[in-house]
Amino acid sequence: MAKMKPIPSEEAERHRAALVREVERDAADTASWTGRRTFSAAVMDAIARVPRHVYIPHEPSLAVAYANRPQPIGGGQTISQPYIVALMTDLLNLPPDARVLEVGTGSGYQCAVLAELAAHVFSVERLPNLAAAALAVLKEQGYANIDVLCADGAKGWSEHAPYDAIMVTAAAEGGVPGALIEQLAPGGRMVIPLGPRFGPQMLTLGVKDANGRFSSTPVLPVAFVPLVTRPE
Ligand code: SAH
């Protein structure tokens, strides 16, 4: 784990502490769906530490930056709701030595939360402007354990595979992309929203057993921007 240590303003810290309490309430409220009444201390600590406001390009007020809501980040994309970031991170059960693939870098916020918990995060974003902006802020925040690639993440990032965990932050319409299943290590876990653009989507947890067999279970209805895949 490579920790960033900017000195956060007390005001931002206060907003994050309130956000942590909201995420805790949401976790309890959705336990019948997710099977998790609380999230791990490590995940909640990361939410309390990572300065979400620096990842939002339109520089909203701290009240807006730390509202438990999604926000626009340009290019028609969104930074996910913090509760969803916490849930998806928690579902991966990351050990400290985990190597993680994220598909959909977006603002870089989720990537930072993952990098607080895992050994290394490889993140793929298809939009060049977002990839460049996220990389710049992640470097500025001092992360040395993150790599960002501008490419179609539905194909994974084969160079660094296999991954102990894969997180997809855009909704896949045609089921779990085969390349991602291939690039998941035996014993690995994947979280991915499945479903059509503007249609019903289900956050899904996939696991690959020791024999390489992949199976998935529905977790929670969600609304994500689409995973856009270009033909070859
Ligand atoms: N994890 C991000 C969420 C961003 S929204 C955050 O914390 O801010 C989803 C992102 O997925 C968008 O930036 C979108 O451009 C990206 N995306 C969509 N399809 C993609 C694909 N095939 N490969 C890589 N990124 C993709």
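Computed from a predicted model, the values in this text were never measured in an experiment. Remember, it's 1-based here, ligands and their atoms both numbered in the order they're listed.
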Checklist line | Backbone of Tyr66 reached by a side-chain donor or acceptor of Arg52 within 3.5 Å | finding: no
Note to self: List the residues meeting side-chain hydrogen bond (donor to acceptor under 3.5 Å, both in side chains) with Asp147, not counting sequence neighbours, and say none if there are none.
What the structure shows: His120
Just distance, no hydrogens or angles: give the donor-acceptor pairs under 3.5 Å from side chains in residues 176-200, sequence neighbours left out.
{"from": "Gln183", "atom 1": "OE1", "to": "Trp157", "atom 2": "N", "distance (Å)": "2.8"}
{"from": "Gln183", "atom 1": "NE2", "to": "Lys155", "atom 2": "O", "distance (Å)": "3.0"}
{"from": "Arg189", "atom 1": "NE", "to": "Leu91", "atom 2": "O", "distance (Å)": "2.8"}
{"from": "Arg189", "atom 1": "NH2", "to": "Leu91", "atom 2": "O", "distance (Å)": "2.9"}

Inventory of protein N or O atoms under 3.5 Å from ligand 1 N or O:
{"from": "ligand 1", "atom 1": "1 (N)", "to": "Glu102", "atom 2": "OE2", "distance (Å)": "3.1"}
{"from": "ligand 1", "atom 1": "1 (N)", "to": "Gly104", "atom 2": "O", "distance (Å)": "3.0"}
{"from": "ligand 1", "atom 1": "1 (N)", "to": "Thr169", "atom 2": "OG1", "distance (Å)": "3.2"}
{"from": "ligand 1", "atom 1": "7 (O)", "to": "Gln110", "atom 2": "N", "distance (Å)": "3.1"}
{"from": "ligand 1", "atom 1": "8 (O)", "to": "Ser107", "atom 2": "N", "distance (Å)": "3.0"}
{"from": "ligand 1", "atom 1": "8 (O)", "to": "Ser107", "atom 2": "OG", "distance (Å)": "2.6"}
{"from": "ligand 1", "atom 1": "13 (O)", "to": "Glu125", "atom 2": "OE1", "distance (Å)": "2.7"}
{"from": "ligand 1", "atom 1": "13 (O)", "to": "Glu125", "atom 2": "OE2", "distance (Å)": "3.4"}
{"from": "ligand 1", "atom 1": "15 (O)", "to": "Glu125", "atom 2": "OE2", "distance (Å)": "2.6"}
{"from": "ligand 1", "atom 1": "19 (N)", "to": "Val228", "atom 2": "N", "distance (Å)": "2.9"}
{"from": "ligand 1", "atom 1": "22 (N)", "to": "Asp152", "atom 2": "OD1", "distance (Å)": "2.8"}
{"from": "ligand 1", "atom 1": "22 (N)", "to": "Val228", "atom 2": "O", "distance (Å)": "2.7"}
{"from": "ligand 1", "atom 1": "23 (N)", "to": "Gly153", "atom 2": "N", "distance (Å)": "2.7"}
{"from": "ligand 1", "atom 1": "25 (N)", "to": "Arg126", "atom 2": "N", "distance (Å)": "3.2"}

Check: With distance as the sole test, does Asp90 use its side chain to make a donor-acceptor pair with the main-chain N or O of Ser40 at under 3.5 Å?
Finding: yes
Donor-acceptor contacts under 3.5 Å from residues 108-115 side chains, at least two apart:
{"from": "Gln110", "atom 1": "NE2", "to": "Thr89", "atom 2": "OG1", "distance (Å)": "2.9"}

Margin query: Looking at Trp33, is its backbone amide N or carbonyl O close enough to the side chain of Thr30 to form a donor-acceptor pair, meaning the two atoms are under 3.5 Å apart?
Written below: no
